[in-house]
Amino acid sequence: MNADRETNHDMTNSDIALLLAEAADGVEIGIAPTQAVIRGGRRRRARRWAVATVAALAIVGSTGTLALAGLSGHGDGHRGAQVATHPPTSVTPRLSEPLSTLLASGTENGKHWEVSVDVWAAPRNAAEAQTQLTAMTAVGEFPGDLRQASDLIGKSAYFVHMLYGDRNSLVIHQMLPKGEKQTGTDLVSGASGLKSSSEPARLVIGRIAKTAQQVTCTWKDGTSTVLHRVSADAYVNNVLPQGIRSVEGSSDNWFVCLAPKGTSYDKAEVTG
């Protein structure tokens with residue numbers, strides 16, 4: 001990736017297209033496995049969670065490759081330049097770096113795993129959107145459905161990463177209008193294998209309303225795991241237990257649950 005282009009605040013549409021082409025160069029893109037599923041409660045508009053195969057995430061300074069096999073709904077297609085619909089506020093959004101929150105961690109087969117989410121604030125105008133896009137590109141977090149910098153205006157971006165051993169993967173990314181949130185028993189979740197997408201879908205990551213107190217993850221063997229709200233830093237023996245947590249910069253709470261060995265994901269729902 002050209003370093004000049006990463007720091008150039010005048011990135012053009014052709015530059016963006018070239019970045020995407022470079023990321024995909026030499027990578028074999030496959031169809032997402034049927035085990036990786038997206039289940040949602042009441043969905044508004046054409047909401048998309050892109051659930052990727054578990055593959056090494058390409059970041060600046062690494063030798064990994066970006067391999068995303070999309071499992072998604074239908075996007076809004078190509079959009080032209082947009083004008084910010086919200087008047088400027090006195091507080092400037094944090095544009096040059098995301099807010100990061102660790103959602104859960106553990107040990108499996110002697111290897112450490114963890115799930116974290118990066119939240120990028122919503123730019124208010126074209127200049128802020130361009131600044132943010134440059135920063136996103138520099139750290140390897142690029143919304144796959146982005147067509148031009150102005151598509152970021154008024155939207156927050158979320159990137160969920162999973163670390164297993166020494167393998168870092170981008171598993172979910174999404175852009176949402178600023179302030180959009182889950183209500184009542186709304187739930188949007190994605191499931192994938194812990195080590196790779198070819199494994200049974202055991203790891204479940206989701207978003208729920210701030211008012212939700214309990215989530216039940218049901219597994220295909222008939223057993224279930226019940227999650228409750230926990231504090232952001234509630235470590236137990238250096239492990240961050242699975243549960244429902246607030247995420248800095250997000251209008252929703254998030255949860256992670258991992259199926260026991262020998263079974264896989266069936267469904268997840270708000271039960272309290």
Side-chain angles (χ1 to χ4, degrees), residues 1-25 27 45-50 52 57-62 64-68 70 72-101 116-161 168 170-181 247-252:
M1 185 178 291
N2 186 292
D4 292 336
R5 189 162 63 248
E6 292 175 2
T7 57
N8 182 1
H9 287 257
D10 298 319
M11 187 181 294
T12 65
N13 292 343
S14 61
D15 287 327
I16 295 173
L18 184 57
L19 284 171
L20 289 172
E22 288 179 345
D25 185 31
V27 176
R45 308 183 193 91
R47 176 181 292 146
R48 173 155 67 181
W49 273 49
L57 173 66
I59 59 175
V60 174
S62 78
T65 56
L66 179 64
L68 299 182
S72 61
H74 299 288
D76 297 328
H78 180 81
R79 296 182 293 278
Q82 300 178 357
V83 177
T85 58
H86 301 284
T89 65
S90 58
V91 179
T92 301
R94 177 176 170 174
L95 300 169
S96 297
E97 59 179 331
L99 297 168
S100 298
T101 300
S116 61
V117 57
D118 288 348
V119 180
W120 295 81
R124 300 168 299 183
N125 52 50
E128 291 184 352
Q130 187 62 68
T131 296
Q132 186 175 85
L133 180 58
T134 301
M136 284 179 167
T137 303
V139 298
E141 293 188 339
F142 194 95
D145 51 354
L146 192 72
R147 296 295 180 269
Q148 52 193 1
S150 59
D151 288 347
L152 293 169
I153 296 175
K155 296 178 182 177
S156 296
Y158 303 87
F159 294 84
V160 180
H161 299 270
N168 191 354
L170 173 64
V171 290
I172 295 172
H173 65 78
Q174 183 181 31
M175 290 194 301
L176 288 175
K178 180 181 178 181
E180 180 171 319
K181 60 184 179 181
V247 168
E248 191 174 5
S250 174
S251 299
D252 300 315

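This one's a predicted model, so the numbers in the text were calculated from it and none came from an experiment.
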- [ ] Locate the shortest heavy-atom distance separating E180 from S251; write the atom from each residue and the value.
- [x] O-CB, 3.7 Å
- [ ] Grab the two heavy atoms, one from S96 and one from T131, that are nearest each other, plus how far apart they are.
- [x] OG-CG2, 4.2 Å
Open item on the list: If I take atom CZ from residue R94 and atom CH2 from residue W120, how far apart are they, to the nearest 0.5 angstrom?
Closed with: 9.0 Å
Open item on the list: Within the structure provided, determine whether F159 and P98 are in side-chain contact (heavy-atom separation under 4.5 Å).
Closed with: no
Open item on the list: So L146 and L133, do their side chains get closer than 4.5 Å, heavy atoms only?
Closed with: yes
Task: Residue pair E141 / D118: nearest heavy atoms and the distance that separates them - done: OE2-OD2, 2.5 Å
Open item on the list: Would you compute the distance between atom CE of M136 and atom NE2 of H173 and round it to the nearest 0.5 angstrom?
Closed with: 11.0 Å
Task: Point-to-point distance, once rounded to the nearest 0.5 Å, from OG of S156 to NZ of K181 - done: 13.0 Å
Open item on the list: Please give me the minimum heavy-atom distance between I153 and A129, naming the atom from each residue.
Closed with: CG1-CB, 3.9 Å
Open item on the list: I'd like to check R124 versus K178 (side-chain heavy atoms, cut-off strictly below 4.5 Å). Are they in contact?
Closed with: no
Open item on the list: For the CG atom of N168 and the OG atom of S116, what is their distance to the nearest 0.5 Å?
Closed with: 7.5 Å
Open item on the list: Strictly distance-based, threshold 3.5 Å: is any side-chain N or O of Q132 a donor or acceptor partner for the main-chain N or O of A121?
Closed with: yes
TODO: Pick out which of E128, M175, Q130 makes a side chain to side chain contact (heavy atoms under 4.5 Å, CB included) with L152.
DONE: M175
Open item on the list: To check you understand the geometry: which heavy-atom pair defines the closest contact between A122 and G154, and what is its length?
Closed with: CB-C, 3.7 Å
